[in-house]
Amino acid sequence: MSGLVPAKNSLPESEYPATEQLIADLRGLIESARTRVAVAANREQTLLYWDLGQRIREDILHEKRAPYGKQIVSTVSRQLIEDYGSGYSRQNLFRMMQTVEYFPDRAMVDKVAAVVQWSHFVEVLPLRDPLEREFYISMCHACRWSIRGLRREIAGALFTRTALSRNTDELVRQELAALRDEDRWTPDLVLRDPYILPFLGLADTYSEKDLETAILRQLQAFLLELGVGFTFVARQQRIVIGGKSHQIDLLFYHRKLKRLVVIELKIGPFEAAHKGQLELYMSWLNKNEREPGEESPIGIILCTEASQEEIELLQIGKDDIHVAEYITQNLPPALLVRKLKEAEERGRAQLAARQQPVSEGEQE
């Protein structure tokens, strides 16, 4: 009789020593290999579709057959479907060509393709602004967004709400390239305006304490709205300055920026005094809580409305302070568009203050 024959006094299978650990190790190897295979397959699929789009465009444009482009794509599609299946539909071939048109740098596509799937590229194709498309693809790579996550951020107009969108086109491209190539984050990639918080479930009238309590009750959703990298540190953190006690509303830490983030909650409009209060807290934290290797703290003042003129006069943005509105209700699309426009104007004012040359008096 060939093969192994169990001994008569062998242990039951469940009692063999180290069996559980062996199975766990084998499962780990299998799952790890599956992940690597999936990543490689996603990357190769994305690059294949880019290459196909490039080749079709090359044939149509270089051979000056643009008037017959639709017919050529239809003919190619029929043959490829017959050979390889429905993934090469006419619509999908046009998407491949469009992806090459919008993302002509194959090296950039190759850089992100291990994380960013073909479906991510398809989601951003309808966006009109080239910088907006590049922003969402770069953020998918940096934050590892799922397709569902990407759709949520596009629907929430994330690019328009980031401070980054108020920069010049050249600076936006530089920051996105640094994000992709070096995983280098800046406050402009992190800070938003407005913050959309309908999940807090607040009534028409509420206090600052109600707002803070609602945020802590929905902390996971609030962190999602703040964006990637934020971790909660404390609420109502007590600090003593000059013998007087003060309390910081909310304190967070941003892992990518390596900075403490102070958030002050206001239930009314922004006031000039809010800036001085936040500057005091940030200076104390910089002196007493900043760890080696960290950057200086930044501050966010969340208010129901903010005057662009006040922001310009106070030069908000120059001292790592960010003023933003928050919205606690689901707004009609037209009103949300208006709010986004107002936020864009505030953001540009804060950017202008930050880029203003330092005067001799300030240098001293």
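Treat the numbers as computed from the prediction; the structure is a model and nothing was measured.
Residues W284 and N286 bring no donor and acceptor atom of their side chains to less than 3.5 Å of each other. Judged by distance alone, the side chains of E58 and Q54 never bring a donor and an acceptor atom under 3.5 Å apart.
Note on ring orientation: taking the six-membered ring where Trp is involved, the planes of W118 and Y49 are perpendicular (angle over 60°, cut-offs 30° and 60°). Using bins of under 30°, 30° to 60° and over 60° for the plane-to-plane angle, the ring pair H246/Y281 lands in the perpendicular bin. Taking the six-membered ring for Trp and thresholds of 30 and 60 degrees, Y206 and Y326 have ring planes inclined between 30 and 60 degrees apart. Ring geometry for F135 versus F159: interplanar angle of 30 to 60°, hence tilted.
Between the CD atom in Q98 and the CZ atom in R57 there is a gap of 10.0 Å [rounded to 0.5 Å]. Distance check, rounded to the nearest 0.5 Å: CD of E101 to CG of L125 gives 10.0 Å. Here the straight-line distance linking atom OG1 of T213 with atom CD of E208 works out to 11.5 Å at 0.5 Å rounding. Remark: I301 CD1 to E271 CD distance equals 10.5 Å, nearest 0.5 Å. Atom CD of Q315 and atom CG of L313 lie 9.0 Å apart (nearest 0.5 Å). Considering CZ of R152 and CD1 of I147, their distance stands at 12.0 Å, rounded to 0.5 Å.
One N or O on the side chain of Q329 and one on the backbone of L202 form a donor-acceptor pair closer than 3.5 Å. Panel note: side chain H254, backbone P187; no donor-acceptor pair is recorded below 3.5 Å. With hydrogens and angles ignored, the 3.5 Å screen pairs a side-chain donor or acceptor of N42 with a backbone N or O of A38. Distance alone, capped at 3.5 Å, places no donor-acceptor pair between the D110 side chain and the A107 backbone. Distance alone, capped at 3.5 Å, places no donor-acceptor pair between the T99 side chain and the W50 backbone. H120 places a side-chain N or O within 3.5 Å of a backbone atom of W145 that can act as its donor or acceptor partner. In this structure a side-chain-to-backbone donor-acceptor pair under 3.5 Å is missing from E175 to L164. Using a distance-only test at 3.5 Å, with no hydrogens or angles considered, no donor-acceptor pair links the side chain of S32 to the main chain of L29. Under the 3.5 Å distance criterion, the side-chain polar atoms of H274 are left unmatched by any main-chain donor or acceptor of K266. Side-chain N or O atoms of Y88 include none that pairs as donor or acceptor with a backbone N or O of G85 at under 3.5 Å.
Between D51 and R55 the shortest side-chain heavy-atom distance does not fall below 4.5 Å. Between I56 and D59, the closest side-chain pair of non-hydrogen atoms is not below 4.5 Å. Taking the side chain as every heavy atom from C-beta outward, D320 and R259 approach each other to under 4.5 Å. With a 4.5 Å cut-off on side-chain heavy atoms, L189 and L176 count as touching. At least one side-chain heavy atom of K70 sits less than 4.5 Å from a side-chain heavy atom of F94. In this structure the side chain of R192 reaches within 4.5 angstrom of the side chain of E225, judged on heavy atoms. The shortest side-chain heavy-atom distance between M282 and I321 falls under the 4.5 Å cut-off. Within the 4.5 Å cutoff, side-chain heavy atoms of V124 are placed close to those of L150.
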Next item on the list: Please report the C-alpha distance between V112 and R180 in whole Å, then the side-chain angles of each, then the deciding distance to 0.1 Å, and finally whether the side-chain contact (heavy atoms from CB on, under 4.5 Å) criterion is met.
Entry: CA-CA 8 Å; V112 303; R180 291 191 304 270; 3.8 Å; yes
Next item on the list: Report the C-alpha distance between T328 and Y195 in whole Å, list the side-chain angles of each, state the deciding distance to 0.1 Å, and finish with yes or no for side-chain contact (heavy atoms from CB on, under 4.5 Å).
Entry: CA-CA 9 Å; T328 59; Y195 288 86; over 6 Å; no
Note to self: S207 vs D210, test: side-chain hydrogen bond (donor to acceptor under 3.5 Å, both in side chains). Steps then yes/no.
What the structure shows: CA-CA 5 Å; S207 65; D210 293 334; 3.1 Å; yes
Item checked: Evaluation steps, side-chain contact (heavy atoms from CB on, under 4.5 Å), between V323 and D193 -> CA-CA 8 Å; V323 174; D193 184 19; over 6 Å; no
Note to self: Run the side-chain contact (heavy atoms from CB on, under 4.5 Å) test on L226 and I263 for me, step by step, so that the C-alpha distance in whole Å, both residues' side-chain angles and the decisive distance to 0.1 Å come before the verdict.
What the structure shows: CA-CA 11 Å; L226 287 179; I263 297 183; 4.1 Å; yes
Notebook entry, point to check: Do E31 and R34 pass the salt bridge (Lys or Arg N to Asp or Glu O under 4.0 Å) test, and can you show the C-alpha distance, the side-chain angles, and the key distance before you say yes or no?
Noted result: CA-CA 5 Å; E31 293 300 326; R34 281 182 172 179; 3.7 Å; yes
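The residues K209 and E212 are annotated as not salt-bridged, no charged nitrogen and carboxylate oxygen being separated by less than 4.0 angstrom. Salt-bridge annotation for D188 and R166: absent, with no side-chain N of the basic residue lying under 4.0 Å from a carboxylate O of the acidic one. Contact check on K275 versus E279 returns a salt bridge, with a Lys/Arg side-chain nitrogen under 4.0 Å from an Asp/Glu carboxylate oxygen. Classification of R161 and E325 as a salt-bridged pair fails, no side-chain N sitting under 4.0 Å from a carboxylate O.
In terms of heavy-atom proximity, P194 sits nearest to I327 at CG-CD1, 3.8 Å. Taking every heavy atom of both residues into account, R238 and S245 meet most closely at NE-OG, 3.1 Å. A pairwise comparison of heavy atoms in C140 and V115 identifies O-CG1, 3.7 Å as the closest pair.
Atom CD of E182 is surrounded by more than 12 heavy atoms from other residues, nucleotides or ligands within 6.0 Å. Sparse packing is recorded around CZ of R144, with 12 or fewer heavy atoms of other residues, nucleotides or ligands lying under 6.0 Å away.
Note on I30 and V37: separate hydrophobic clusters, where clusters join Ile, Leu, Val, Met, Phe, Trp and Tyr whose side-chain heavy atoms are under 4.5 Å apart, directly or indirectly. L224 and I215 fall into different hydrophobic clusters, where Ile, Leu, Val, Met, Phe, Trp and Tyr are joined by side-chain heavy atoms under 4.5 Å apart, directly or via other members.
Exactly one residue among L219, L216, V262, I300 makes a side chain to side chain contact (heavy atoms under 4.5 Å, CB included) with L250. That residue is L216.
Aromatic pair F121/F103: centroids less than 6.0 angstrom apart.
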